[in-house]
Q: 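Okay, here's the structure, questions in a sec.
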There are 2 protein chains.
Amino acid sequence: MANLKQLAHSLGLSITTVSRALDGYADVSAATRERVCEAAEKVGYRPNASARRLRRQRAELVAVTLPSDPGHIGPPHFLDMLSGCAEHLAAAGLNLVIAPVPRGESELDICRRFVDGRRVDAMLLVRTKRRDERVEFLQSRGIPFVTNGRTESLLPHPYVDGDGFAGFRAATLRFHAAGHRRIGHIAGPQEYYFAHDRCRGWRTAMEECGLATDLCAEGAPLEQGGYLAALDLLRQPSRPTALVCATDEMAIGALRALREAGGDNQISIVGHDDLPMGAFTSPPLSTMRMTGENLGASFASLLLRAIAGEPATELQELHPIEFVDRDSHRRPAQAA
Amino acid sequence: MANLKQLAHSLGLSITTVSRALDGYADVSAATRERVCEAAEKVGYRPNASARRLRRQRAELVAVTLPSDPGHIGPPHFLDMLSGCAEHLAAAGLNLVIAPVPRGESELDICRRFVDGRRVDAMLLVRTKRRDERVEFLQSRGIPFVTNGRTESLLPHPYVDGDGFAGFRAATLRFHAAGHRRIGHIAGPQEYYFAHDRCRGWRTAMEECGLATDLCAEGAPLEQGGYLAALDLLRQPSRPTALVCATDEMAIGALRALREAGGDNQISIVGHDDLPMGAFTSPPLSTMRMTGENLGASFASLLLRAIAGEPATELQELHPIEFVDRDSHRRPAQAA
DNA sequence: AGAATTTTCCAAAACGTTTTGGGAGTCAAG
DNA sequence: CTTGACTCCCAAAACGTTTTGGAAAATTCT
């Protein structure tokens with residue numbers, strides 16, 4: 001309702017003094033400060049955000065781009081993550097704006113608009129590609145940002161990611177230890193870092209075990225993609241006895257393919273993401289997920305530290321993957 | 001990079017002219033406009049958002065409060081909805097900020113901060129209560145807002161809602177037509193409008209059929225709440241043969257209760273929300289959902305029209321509920 | 001040619017803060 | 001009494017736009 005000028009006038013003080021009193025500077029007497037704060041409280045004074053932002057040259061905003069294309073947006077708890085992130089940012093006076101990508105525009109366009117219009121102090125990127133033009137752009141502009149997922153960018157940048165390589169390697173080795181020899185991989189689009197990373201984990205494990213790496217099929221990171229990829233593998237002369245899937249959605253599609261192709265319930269399967277619906281599939285889907293609670297807080301903290309100027313190499317979090325054992329990974333090795 | 005002053009200087013024009021040229025005013029010659037736009041394009045000029053906001057007295061922002069308490073945030077496609085809304089708002093130059101409620105603060109506090117700090121041009125509220133203090137506050141401040149869900153506020157306000165009353169009444173009548181006579185209701189907390197509305201639908205149908213309305217149990221709008229409420233109803237001397245549940249989450253909890261209480265698969269059940277995981281439960285969960293595609297666009301449009309000053313009564317959307325028939329509602333009426 | 005009108009431009013005033021660079025007083029030390 | 005240090009305050013200059021209210025120049029009309 002009121003602005004600084006009116007408040008100052010009503011107190012018989014200058015704008016400067018009122019402003020500084022409210023900000024708790026030492027060069028205003030305790031008595032005045034008291035009086036000012038009291039009056040401000042009474043009229044419910046809140047500084048005008050736009051004015052402050054202009055003067056301070058800060059947008060007090062962080063944007064996260066929401067990819068619209070293929071597949072829904074990331075992991076199941078994505079909104080929870082955003083919510084947690086926003087909450088922690090808010091504690092530092094920053095708000096989180098969500099920036100979906102309209103059809104006909106690229107994520108890069110969005111970044112450009114936000115950055116060049118000085119609408120944000122930092123950006124949060126999800127679903128990184130191995131070579132990610134958004135990352136390159138933001139690096140060239142020198143604006144702070146954090147990604148959910150690594151990239152192959154030459155310059156280091158802040159990120160939070162799960163160690164998909166280790167997770168998928170471990171999952172594959174587990175199958176090997178259980179006696180499986182024909183272990184297939186249903187891969188996501190290799191341009192995405194996470195998909196490539198997970199694929200590498202599987203391939204490395206296979207090579208370590210001296211097994212062939214031809215049982216690999218790539219598809220869109222969706223139910224349908226997993227379904228088609230699984231059909232592909234089931235057509236091979238020697239069928240896999242176990243399937244490591246890049247995502248739960250794909251794993252659920254693979255489950256459907258298995259059901260249709262007969263030999264139902266004979267092939268072990270494991271996914272990644274811990275989608276809630278995995279608990280209800282038949283068989284219940286064994287899966288993996290990134291450890292670490294309150295990922296939102298991680299993102300927020302990294303963003304704030306990036307804004308504060310900490311070097312990127314200090315702002316990289318690689319979380320281990322943990323197994324969520326349900327039932328789908330327990331099929332015997334020789335059955336298929 | 002560049003601001004208006006520099007751009008104007010480099011062109012030998014005044015700030016005014018450059019500004020007006022870029023905004024396409026008629027009082028700048030076509031030639032100059034051309035020249036200005038070209039130069040602006042070349043240096044990648046984008047007006048500073050904070051400055052424009054200050055001058056225009058608009059925040060160019062809309063905030064949506066994300067409730068943290070009980071249960072996750074609303075319907076399954078909530079993020080999709082937000083994303084769609086943000087996309088349409090962006091087309092009008094508005095960005096959507098998400099405002100979760102930190103522990104220790106109320107949603108009202110959040111509204112106050114955003115409104116009194118002039119941080120937003122409008123607000124989007126979800127999960128309305130029958131008597132909603134946020135609504136009352138925003139009405140008193142006269143700031144535009146739209147709710148997801150109705151309230152019992154005396155003054156009309158813009159909303160988008162599903163006709164839960166009609167939906168639950170119809171669902172109940174369907175059970176009645178299938179021969180059911182002991183039809184129970186698992187209700188959500190009655191302070192929420194949607195929960196009360198759905199409960200009323202069930203009760204009205206029961207009364208229309210001349211049936212008793214005592215088979216009603218209330219619980220938290222969560223799996224556990226549905227589970228406990230269902231146990232409650234199963235303890236009744238004459239068990240229900242069908243269950244109408246306020247939400248899918250509760251219905252899934254009820255399914256668990258049914259499984260544990262024996263008499264498995266004997267009781268018909270229907271939920272609401274069309275959670276994806278409902279397709280995977282056993283039996284697959286029959287459910288309901290609000291019709292209308294691209295709800296996000298509805299919200300965005302209502303918000304924009306509210307900002308433009310259209311009266312609230314023109315900005316109310318009540319969507320019919322449609323059934324999603326899977327399997328859980330097909331149990332015979334006499335079985336239980 | 002002079003008057004009226006239209007076209008094209010611009011200086012200056014906002015918008016509401018924060019911050020800079022002092023300026024009065026007061027007090028203690030020299 | 002002067003000097004210096006301190007305390008408390010403030011005027012004015014930003015921040016980068018948009019908008020107001022003309023003014024000069026060009027054009028059209030008498």
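All chains are named by letter (A, B, ...) in the order of the sequence lines, taking the proteins before the strands, and each is independently numbered beginning at 1. Fair warning: this is a prediction, and the values are worked out from it, not measured in the lab.
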Q: Does any part of the side chain of A/T147, heavy atoms only, come nearer than 4.5 Å to the side chain of A/D132, both counted from C-beta?
A: no
Q: For A/P221 and A/R127, which heavy atoms make the closest approach, and how far apart are they?
A: CG-NH1, 4.0 Å
Q: With no hydrogens and no angle check, is any side-chain donor or acceptor of A/R141 less than 3.5 Å from a backbone partner on A/R112?
A: no
Q: Considering only heavy atoms of chain A and a distance under 4.0 Å, specify the first and last nucleotide of DNA chain D in 5' to 3' order that meet this criterion.
A: D/dC8 to D/dG16
Q: Can you pull the ring pair (Phe, Tyr, Trp, His ring centres under 6.0 Å) pairs that have at least one residue in residues 137-157 of chain B, sequence neighbours excluded?
A: B/F145-B/H157
Q: Using a cut-off of strictly less than 4.0 Å between a heavy atom of the residue and any atom of DNA chain D, enumerate the qualifying residues of residues 25-35 of chain B by number.
A: B/Y25
Q: Inspect the contact between B/E314 and B/R305 and indicate whether a charged nitrogen and a carboxylate oxygen are less than 4.0 angstrom apart.
A: no
Q: On DNA chain C, nearest-nucleotide positions of B/G12 versus A/D23: which is more 5'?
A: B/G12
Q: Is the phosphate of C/dC9, meaning OP1 or OP2, less than 4.0 Å from a side-chain N or O of B/S14?
A: no
Q: How many Å lie between NE2 on B/H9 and P on C/dA11, as a whole number?
A: 13 Å
Q: Could you go through residues 22-31 of chain B and list every donor-acceptor pair under 3.5 Å that involves a side-chain atom there, pairing it with any protein atom two or more places apart or in another chain?
A:
residue: B/D27; atom: OD2; partner: B/R20; partner atom: NH1; Å: 2.9
residue: B/S29; atom: OG; partner: B/T32; partner atom: N; Å: 3.2
residue: B/S29; atom: OG; partner: B/T32; partner atom: OG1; Å: 2.3

Q: Quick one: are A/V43 and A/Q6 in side-chain contact, heavy atoms under 4.5 Å?
A: no
Q: Do you know the tightest heavy-atom contact between A/Y45 and A/A2?
A: CD1-O, 3.4 Å
Q: Does atom CD of A/E191 have more than 12 heavy-atom neighbours, drawn from other residues, nucleotides or ligands, at distances under 6.0 Å?
A: yes
Q: Look at all strands and tell whether A/L13 reaches a base, only sugar-phosphate, or nothing, counting heavy atoms closer than 4.0 Å.
A: sugar-phosphate
Q: To the nearest 10°, let me know how far the axis at one end of the helix from C/dA1-D/dT30 to C/dG30-D/dC1 is tilted from the axis at the other, five pairs an end.
A: 60°
Q: Salt bridge between A/D121 and A/R58, side-chain N to carboxylate O under 4.0 Å?
A: no
Q: Atom pairs under 3.5 Å, N or O on each side, protein against nucleotides 26-28 of chain C: can you list them with distances?
A:
none

Q: Got a sec: does the CD of A/E310 have more than 12 other heavy atoms crowding it under 6.0 Å?
A: yes
Q: Short question: side chain of A/R33, backbone of A/A21 - any donor-acceptor pair under 3.5 Å?
A: no
Q: Less than 4.0 Å between a side-chain N and a carboxylate O, is that true for A/E87 and B/R103?
A: no
